[in-house]
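Take a look at the structure below.
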Amino acid sequence: MAGNSRRPGARRNPGSKKGPTKGSGGKRAQGLEGKGPTPKAENRPNHKSYEGGGKTGKSGQGAAARPTGSSPRAGASRGPASSGGPTRRREREAPDGPQVVVGRNPVIESLRAHIPATALHVAQGIDIDDRVREALRTAGDRGISVLEVPRADVERLADGSVHQGLALSVPAFEYLHPDDLLEEARQAAHLAKVEPLLVALDGVTDPRNLGAVIRSAAAFGAHGVLLPLRRSVGVTPVAWRTSAGAAARMPVGRATNLSRTLGAWNDDGFVTVGLDGEVSATIDDLDAVAGPDAARGPLVLVVGSEGKGLSRLVRETCTGTVAIPMAGDVESLNASVAAGVALAEVARRRRSA
């Protein structure tokens, strides 16, 4: 019964007191003590200027072991297994990451455009309509894995976007190194008995513009498209769909330094012509700007970004720059439209040769 239990209640131990103890036992005073002045750089073992008679720092190599005048970042662009050889074909090892197309219409459009997908994720319990049936049928015909997964898995792939129960996994697009792109362009041009024609994009960030340029390049006989590694859009599913399947046939390369690559192509016998709306010379004056019969020789058309146009270094690297003649008060053309007009003019001149 209550009150008859012989168990003792909660009792404080004798000599104990409630609340925090006074003082810190000297810990605070010790924490305020300084550790002395900071040693000089040459006296700190982990500093690159350490002069400790060959002792090693964090990297395991003494600073004195580095040859005089060498940069600590020398060879940073090479791979971890590099032994001092050339850095060719590095872009193949660092493509853009895999992407996901979500939504019934985008998935259908991607499958119709023959985007190289790896898996079609279908949420369990979704309403089956004609679009879902077409997606399932097309994926099955092309050998794409069809996975019925919980709706939470599709939501995780969509990352907040409206998915309507469908998600299409697209692998990373593999870009060619500029040297490989040039080699493939020369081989294709040799088979067609023409000179190589390439398109370089300087800072184009809209995937639809990129897809339209790739489509125009394929339509007017170009042999490759070159993109810069930074400050540029890549071949995304949106760009692939806009190209209407041309991205599957058109070689696309990426350059770590676009102006340097164009300079190397100039030294290799190419003529690089940039499209610039601020110059007085038009594409009708192509031969006067870039040399006689420039359109019929090895040619690179350089298209600038949608807002800023050509960057300064790229403009200075080009053999010449021309504008697209326009009537009326139109300030400029879309990057993909300008590229299409220039490519059509080059193709016309090549046909009339």
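In this text the structure is predicted, and so the values were computed from the model without any measurement.
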Report task. Could I get the full list of side chain to side chain contact (heavy atoms under 4.5 Å, CB included) partners for Leu191, not counting sequence neighbours? Result -> none
Query raised in the report: How would you list, by chain and number, every residue that makes a salt bridge (charged side-chain N to carboxylate O under 4.0 Å, His left out) with Glu155, sequence neighbours excluded?
Result: Arg151
Requested in this report: Each residue besides Val154 in its hydrophobic cluster should be listed here, by chain and number; the cluster joins Ile, Leu, Val, Met, Phe, Trp and Tyr at side-chain heavy-atom distances under 4.5 Å.
Outcome: Leu147, Val149
Query raised in the report: With Arg137, which residues qualify under side-chain hydrogen bond (donor to acceptor under 3.5 Å, both in side chains), at least two apart?
Result: none
Query raised in the report: Listed by chain and number, what are the side-chain hydrogen bond (donor to acceptor under 3.5 Å, both in side chains) partners of Thr272, not counting sequence neighbours?
Result: Asn266, Thr319
Report task. Give me the other members of the hydrophobic cluster that Val238 sits in, counting Ile, Leu, Val, Met, Phe, Trp and Tyr linked by side-chain heavy atoms under 4.5 Å, directly or via other members. Result -> none
**Report entry** All pairs passing salt bridge (Lys or Arg N to Asp or Glu O under 4.0 Å) where residues 277-288 contributes a residue, at least two apart
**Finding:** Asp287-Arg349
**Report entry** side chain to side chain contact (heavy atoms under 4.5 Å, CB included) involving Arg249 - partner list, sequence neighbours excluded
**Finding:** Ala246
Query raised in the report: With a 4.0 Å cut-off, would you call Arg112 and Glu109 a salt bridge?
Result: no
Report summary line: By side chain to side chain contact (heavy atoms under 4.5 Å, CB included), Val122 pairs with (sequence neighbours left out) Leu120, Ile126, Leu136, Val146, Leu166
Query raised in the report: How would you list, by chain and number, every residue that makes a side chain to side chain contact (heavy atoms under 4.5 Å, CB included) with Asp159, sequence neighbours excluded?
Result: none
Report summary line: Note: with side-chain heavy atoms under 4.5 Å as the link, the other cluster members for Leu313 come out as none
Compile the donor-acceptor pairs under 3.5 Å between side chains in residues 194-220 and protein atoms, sequence neighbours left out, one pair per line.
residue	atom	partner	partner atom	Å
Asp202	OD2	Ser311	N	2.8
Asp202	OD2	Ser311	OG	3.0
Asp206	OD1	Arg208	N	3.0
Asn209	OD1	Asn334	ND2	3.2
Asn209	OD1	Ser336	OG	3.1
Asn209	ND2	Glu306	OE2	3.0
Ser216	OG	Ala212	O	3.1

